[in-house]
K.L.:
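Dropping a structure here in structure tokens format, bear with me for questions.
All figures in this text were calculated on a predicted structure; none of them were measured in a lab. Heavy-atom basis, side chains included; hydrogens, waters and symmetry copies ignored. Every chain is numbered from 1, with letters handed out A, B, ... down the list of sequences.
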2 protein chains.
Amino acid sequence: METLTIGELANRAGVGVETIRFYEREGLIAEPKRRPSGYRQYPTEAVRRVRFIRHAKELGFTLKEISELLSLRVDPERTCADVRQRARTKIESIEAKIESLAAMKVALERLAASCNGSGPTSECPILEELDREEDARA
Amino acid sequence: METLTIGELANRAGVGVETIRFYEREGLIAEPKRRPSGYRQYPTEAVRRVRFIRHAKELGFTLKEISELLSLRVDPERTCADVRQRARTKIESIEAKIESLAAMKVALERLAASCNGSGPTSECPILEELDREEDARA
DNA sequence: CTTGACTCCGTAGTACGGTACGGACTCTAT
DNA sequence: ATAGAGTCCGTACCGTACTACGGAGTCAAG
């Protein structure tokens with residue numbers, strides 16, 4: 001099976017070599033096999049994992065949350081109900097993110113549209129869209 | 001018109017007092033009027049602005065990006081085309097985020113569903129869903 | 001008119017997520 | 001055989017986004 005050096009992995013995944021070593025230290029990627037020289041040997045699937053980490057980070061997940069996401073799987077050690085439960089929780093937080101983003105998008109589209117209209121509009125139209133929840137608090 | 005102290009603002013927006021001062025220093029919120037004593041006096045709309053910042057951060061925007069979002073408006077100083085252009089760019093990055101999140105959601109739903117099935121499934125099903133773009137690079 | 005909570009300011013420290021350095025070793029190509 | 005690029009490791013440093021501290025002044029309730 002084809003294997004990659006740390007540099008090849010870093011390149012394909014779009015991060016630096018040092019970042020790979022950092023993720024390894026943090027437990028986000030498994031310690032790979034080594035050649036006799038000590039060089040790390042990665043399977044090609046590792047590229048996926050690193051890319052996933054990168055994407056998830058861009059979406060506002062912390063490395064801790066990402067490692068929780070990555071460790072979610074059907075696993076004889078954990079009950080089905082547990083896996084379901086954890087997945088549900090993550091799905092909900094993802095849905096909330098999607099909704100906030102959709103609201104921002106609407107606000108920006110409204111802004112772009114209002115442009116052709118008349119004079120200066122609201123002070124900052126993007127603010128108009130994003131409250132709703134938690135107005136109860138306070 | 002009702003005004004708020006920095007503590008009231010922080011409370012209603014769900015952040016700490018020091019965070020408000022920090023955002024002021026960073027130019028994310030305007031310097032407010034002061035009482036003769038020097039105490040800051042905020043209009044109630046400030047709550048919205050701070051909440052927006054908080055939400056946007058949770059969605060993976062940096063403070064720099066957030067300040068760009070906040071300064072987008074129909075403004076006699078800027079041409080209509082410019083505003084449109086900038087809004088378009090932001091909309092695109094938001095759409096990309098939404099798509100990644102939707103893919104993650106699908107992956108997690110598949111995971112939760114596969115649970116009832118038979119034995120352990122793929123090593124890490126969430127990875128199956130999230131590539132597509134950029135496979136060209138490398 | 002005091003007392004306790006709040007605010008002022010500047011500066012220092014923290015947590016997270018990398019990023020750089022440097023001296024030694026290894027690999028590949030010529 | 002050797003040069004040049006890549007890798008090893010530990011440790012130190014960096015930018016971002018807060019968070020805490022401390023000493024002085026302010027405010028509102030009793």
Side-chain angles (χ1 to χ4, degrees), chain A residues 2-44 46-47 49-71 93 138, chain B residues 2-44 46-47 49-71 93 138:
Chain A
E2 199 198 348
T3 61
L4 305 173
T5 65
I6 194 171
E8 287 161 348
L9 170 58
N11 245 285
R12 295 199 194 179
V15 303
V17 167
E18 305 297 327
T19 302
I20 304 289
R21 299 212 306 122
F22 174 72
Y23 288 164
E24 186 180 311
R25 282 202 296 286
E26 298 295 306
L28 283 147
I29 55 185
E31 295 198 15
K33 287 200 190 115
R34 302 290 187 119
R35 293 210 244 169
S37 60
Y39 277 31
R40 290 169 178 81
Q41 274 188 115
Y42 294 96
T44 51
V47 176
R49 194 167 176 104
V50 177
R51 280 189 190 160
F52 175 81
I53 295 169
R54 185 159 66 77
H55 287 307
K57 247 192 337 134
E58 285 161 8
L59 296 170
F61 292 97
T62 64
L63 294 187
K64 189 156 167 293
E65 288 167 332
I66 293 168
S67 90
E68 284 163 21
L69 281 168
L70 285 169
S71 64
S93 80
Chain B
E2 198 199 348
T3 61
L4 306 173
T5 65
I6 194 171
E8 286 160 350
L9 170 58
N11 245 285
R12 294 200 195 180
V15 303
V17 166
E18 305 296 328
T19 302
I20 303 289
R21 299 210 308 119
F22 174 73
Y23 288 164
E24 188 181 310
R25 281 201 298 284
E26 299 294 306
L28 283 146
I29 55 186
E31 295 198 16
K33 287 203 189 109
R34 302 289 186 119
R35 292 211 244 169
S37 60
Y39 277 31
R40 290 169 179 82
Q41 275 188 114
Y42 294 96
T44 51
V47 176
R49 195 169 176 101
V50 177
R51 280 188 191 163
F52 175 80
I53 296 169
R54 186 159 65 78
H55 287 308
K57 246 190 338 132
E58 286 162 6
L59 296 169
F61 292 97
T62 64
L63 293 187
K64 187 156 170 293
E65 289 167 331
I66 294 168
S67 90
E68 285 163 20
L69 281 169
L70 286 169
S71 64
S93 81

K.L.:
Under the side chain to side chain contact (heavy atoms under 4.5 Å, CB included) test, which residues partner A/T19, sequence neighbours left out?
P.N.:
A/V15, A/Y23
K.L.:
Please list, in 5' to 3' order, the outermost nucleotides of DNA chain D lying under 4.0 Å from any heavy atom of chain B.
P.N.:
D/dA17 to D/dC27
K.L.:
Test of understanding: with side chain to side chain contact (heavy atoms under 4.5 Å, CB included), list the residues that count as partners of B/E58, not counting sequence neighbours.
P.N.:
B/R54, B/H55
K.L.:
Counting primed atoms plus P, OP1 and OP2 as sugar-phosphate and everything else as base, spell out the protein contacts along nucleotides 19-30 of chain C at 4.0 Å heavy-atom distance: B, S or - for each nucleotide, 5' to 3'.
P.N.:
BBB----BS---
K.L.:
Would you please confirm or rule out a distance under 4.0 Å between OP1 or OP2 of C/dG17 and any side-chain N or O of A/Y23?
P.N.:
no
K.L.:
Under the salt bridge (charged side-chain N to carboxylate O under 4.0 Å, His left out) rule, collect the residues that match up with B/E2, sequence neighbours excluded.
P.N.:
B/R12
K.L.:
Does B/T62 have any side chain to side chain contact (heavy atoms under 4.5 Å, CB included) partners at least two apart in sequence or in another chain, and if so, which?
P.N.:
B/K64, B/E65
K.L.:
Which distance, rounded to the nearest 0.5 Å, do you find between the CG of A/L63 and the CZ of A/F22?
P.N.:
6.0 Å
K.L.:
Counting any heavy atom closer than 4.0 Å, what does B/K57 reach on the DNA or RNA strands: base, sugar-phosphate only, or nothing?
P.N.:
sugar-phosphate
K.L.:
Check side chain to side chain donor-acceptor pair (under 3.5 Å) between B/E68 and all other residues, then give those that pass, not counting sequence neighbours.
P.N.:
B/K90
K.L.:
Applying salt bridge (charged side-chain N to carboxylate O under 4.0 Å, His left out), name anything that partners A/R35, two or more places apart in sequence or on another chain.
P.N.:
none
K.L.:
Taking only residues two or more places apart in sequence or in another chain, which ones pass side chain to side chain contact (heavy atoms under 4.5 Å, CB included) with A/K33?
P.N.:
A/Q41
